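Accompanying notes for the structure given below.
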Amino acid sequence: MYEGIVQDLIDELGRLPGVGPKSAQRIAFHLLQADPTDVRRLADVLIEVKAKVKFCSTCFNVSEDEQCRICRDPRRDPTVLCVVEEYKDVVAIERTREFRGRYHVLGGAISPIDGIGPDQLRIRELMVRLSDGNLIEIILATDPNLEGEATATYLTRMLKPLGLRVTRLASGLPVGGDLEYADEVTLGRAFAGRRSADD
């Protein structure tokens, strides 16, 4: 334990996701040794990001404007909507350059253990977006874990009666992976989602 403000800094850094006590201490001492101009620039950026960044009023992605750049882009296909858990998932999908539709960020996944049910997610807002009648397909791109699967199952039950095409991202073996290390669920999905070798 350190004294006063140094310990306060370590404690605050330790509250960040993925930063354990040792990492928090390392970052704190790096900041103490850093040039005051660099530390001031970091502090200014942190204050500015909290003041300027908000959530898109349409899809709930992060944005500095009322709407994010994806929702404002007229070249995006308004008939296809990709539903993701978090805004960082939007970034991951955008990096593939495969998807040209729009997004809806739920703000998490159903997790009864963590006290997160459907009412804590932006499902109500999703249903409002569907009411305009423009959408043809909803792609459920939730994480391939227990919470993501529960969320996708819940959404599928809600969306199917609306007559929309509801799809899930294919999942299976990673490129460069070995069959012997794949878990049963992943291997089972790879078999279920197999396609013609000619594709």
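FYI, the numbering just counts along the sequence from 1. Please read all numbers here as calculations on a predicted model, not as lab measurements.
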Donor-acceptor check, side chain of [X] to backbone of [Y], threshold 3.5 angstrom: yes or no?
| X | Y | answer |
| --- | --- | --- |
| Asp65 | Gln67 | no |
| Ser57 | Glu66 | yes |
| Arg102 | Leu81 | no |
| Asp132 | Asn134 | yes |
| Thr151 | Ile110 | yes |
| Arg76 | Gly101 | yes |

Could you report the tightest heavy-atom contact between [X] and [Y], atom names first, then the distance?
| X | Y | value |
| --- | --- | --- |
| Ala141 | Leu169 | CB-CD1, 3.5 Å |
| Ala109 | Gly148 | CB-N, 4.3 Å |
| Thr142 | Arg168 | OG1-NH1, 2.9 Å |
| Ile93 | Cys82 | CD1-SG, 3.7 Å |
| Glu137 | Thr167 | OE2-OG1, 2.8 Å |
| Ile10 | Ala24 | O-CB, 3.4 Å |

Item to check | Derivation and outcome, side chain to side chain contact (heavy atoms under 4.5 Å, CB included), residues Arg95 and Val91 | outcome: CA-CA 6 Å; Arg95 276 198 308 258; Val91 174; 3.7 Å; yes
For a 4.5 angstrom cut-off between non-hydrogen side-chain atoms, does [X] reach [Y]?
| X | Y | answer |
| --- | --- | --- |
| Leu42 | Leu31 | yes |
| Leu162 | Ile138 | no |
| Leu159 | Leu130 | yes |
| Leu13 | Arg26 | no |
| Glu147 | Ile113 | no |
| Thr153 | Arg157 | yes |
| Arg100 | Val80 | no |
| Tyr103 | Asn61 | no |

Would you indicate whether [X], at its atom [atom1], is surrounded by more than 12 heavy atoms from other residues, nucleotides or ligands within a distance under 6.0 Å?
| X | atom1 | value |
| --- | --- | --- |
| Gln7 | CD | yes |
| Lys88 | NZ | no |
| Leu46 | CG | yes |
| Leu146 | CG | no |
| Phe99 | CZ | yes |

Next on the checklist: Please determine whether a side-chain nitrogen of the Lys or Arg among Glu64 and Arg72 lies less than 4.0 Å from a carboxylate oxygen of the Asp or Glu.
Outcome noted: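 No, Glu64 and Arg72 are not salt-bridged.
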Item to check | Ion pair Asp44/Arg41, N-O distance below 4.0 Å | outcome: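 No salt bridge links Asp44 with Arg41.
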If Ile, Leu, Val, Met, Phe, Trp and Tyr residues are connected whenever their side-chain heavy atoms lie under 4.5 Å apart, and connections chain through other members, are [X] and [Y] in the same group?
| X | Y | result |
| --- | --- | --- |
| Leu9 | Phe29 | no |
| Met127 | Val83 | yes |
| Leu121 | Phe55 | no |

Checklist entry - Would you call the rings of His104 and Phe60 parallel, tilted or perpendicular, where under 30° means parallel and over 60° means perpendicular? => result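 Taking Phe60 first and then His104, their aromatic rings stand perpendicular (interplane angle over 60°).
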